[in-house]
Amino acid sequence: MAAKKKPKEIEKTLKLSPKPVWDVLTQKERKTALDFSKGYKKFLDAARTEREAVREIVTMAKAKGFSETPSKKPLKYLKINREKSIALAVIGKKPLTEGFRIVTSHIDAPRLDLKQNPLYEDVDLALLRTHYYGGIKKYQWVAIPLAIHGTIIKKDGTKLNLVLGEDDKDPVFTICDLLPHLSHKTQDTKKLRDAIVGEKLTILVGSIPFPDEEAKERFKLNILDILNKRWGLVEEDFLSAEIEVVPAFKTRDVGFDESLIGGYGQDDRVCAYCSLQAILSVEKQPEWTSIALFLDKEEIGSDGNTGAKSTFLELVVSDLFRLQKKNPTSEALRQALFNAKALSADVNGAINPNYQDVHEKQNAARLGYGVCVTKFTGSGGKYNANDASAEYVGEIRRLFNENGVVWQMAELGKVDEGGGGTIAKYLAEYGMDMIDCGTVLLGMHSPFEISSKMDVYETFKAYKVFYIG
Ligand code: MN
Ligand code: MN
């Protein structure tokens with residue numbers, strides 16, 4: 001007869017009891033995790049826009065032997081889509097028609113874009129008009145230092161990449177908020193979302209009049225004169241430009257214990273960085289072809305030719321077939337995509353200490369409890385959700401448990417509180433198994449998002465074991 005189990009043991013065996021990563025990792029693993037976060041912080045500071053993220057990814061991937069035309073085994077493939085989205089892949093042993101492993105993140109982030117004709121002057125100040133990109137809370141973007149990152153196609157077709165506001169020696173830009181003494185009617189008594197309207201998100205860029213007193217719009221003209229002298233620009237160049245405005249502060253450690261990372265653009269460059277490091281760590285030819293896909297336009301619905309709804313992935317998989325010396329017929333391509341297994345690498349929201357009521361705590365993500373698996377996203381009765389199957393969740397559960405990945409399962413917010421989506425549902429249309437899996441953040445979509453260094457590391461571990469088991 002078996003010995004009777006003590007109540008404590010029964011509790012340990014039967015109950016789900018999540019633990020902070022800090023309690024699980026050894027001192028040595030902790031150090032590895034803390035070192036990992038250093039590289040991540042550098043990446044976050046260098047990749048302030050989707051184009052800059054692509055540039056960083058290309059540099060790091062090429063250093064590890066990835067190429068548009070790989071020839072050395074294991075074959076490490078790289079393909080860029082219009083400087084804004086990119087795929088990396090390592091060719092595996094199994095035929096692609098049996099499927100592949102893919103981790104998909106996005107490298108765009110909420111921000112302000114300049115309007116196509118942005119420059120104007122008013123009350124002796126020069127300003128730029130903007131149209132915000134993605135889900136921002138407008139009040140968070142006023143009265144903070146801002147940097148400008150632009151790609152401008154000039155009249156003759158030459159391309160100018162311009163960054164101003166990131167170097168300590170650079171000037172920065174800002175949006176003028178209203179002083180509290182005079183904001184009672186205009187802002188204070190309004191709903192938070194109406195207190196600052198989109199058209200008032202104008203960027204302050206100058207206050208010196210052009211020296212010719214006869215000239216019209218002298219403050220605007222002086223800025224045009226500076227832009228022309230420094231970069232050879234004329235006002236029409238704005239029309240064929242993409243100029244993004246982002247917070248001008250560096251990624252920092254947060255807390256007395258330096259356990260957290262604060263910075264702009266962590267949604268979703270944290271998952272992008274972790275999937276990048278995961279695929280870079282694939283040294284030997286894996287069983288399954290591994291793909292890391294970095295997409296643009298997630299924050300505005302995944303539309304456009306660089307978003308998840310584009311056919312870029314089909315083009316990539318066709319190339320991979322050729323690298324396996326197979327003909328990418330449309331039938332073979334459909335099979336490969338249908339049999340694939342995917343992690344939608346995107347962030348989830350952690351319980352906010354100040355607003356705990358919006359979460360249902362038993363199913364909410366916690367900072368520091370490891371990489372977060374989200375069976376379904378969406379809102380209002382799972383509408384718009386890619387709801388992963390129990391079988392696929394079971395597979396991911398076994399994979400993570402067997403490989404010592406610290407993970408948590410969560411859904412975003414209370415049932416009727418709101419919600420959000422990721423690219424999961426778009427790529428799932430191919431038939432692949434798909435589940436959301438990424439880092440949790442506090443203050444998601446704010447100019448200064450917070451992550452836990454331990455969660456970042458567990459995210460990397462999760463993607464790595466997903467590729468190589
Ligand atoms: Mn995201
Ligand atoms: Mn987002």
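Order of appearance sets the numbers: ligands from 1, and atoms from 1 within every ligand.
Counted within 6.0 Å of NZ on Lys414, heavy atoms from surrounding residues, nucleotides or ligands total more than 12; the atom is thus considered enclosed. No more than 12 heavy atoms of other residues, nucleotides or ligands lie within 6.0 Å of CD in Glu199, so this atom counts as exposed by the packing criterion.
The N, O or S atom of Asp267 with the smallest distance to the Mn ion (ligand 1) is OD1. The Mn ion (ligand 2) lies closest to atom OE2 when only the N/O/S atoms of Glu299 are considered. Within Asp346, OD1 is the N, O or S atom that lies nearest to the Mn ion (ligand 1).
Residue Cys271: no N/O/S atom is found under 2.8 Å from the Mn ion (ligand 1). Metal site remark for the Mn ion (ligand 2): His445 contributes an N, O or S atom at a distance under 2.8 Å.
Under the side-chain contact (heavy atoms from CB on, under 4.5 Å) test applied with Phe312, the options Leu293, Asn305, Thr306 reduce to a single match, Leu293.
A distance of 6.0 Å or more separates the ring centres of Phe448 and Tyr264.
Of the possible donor and acceptor atoms, none in the side chain of Arg101 sits under 3.5 Å from a partner among the backbone N and O of Tyr467.
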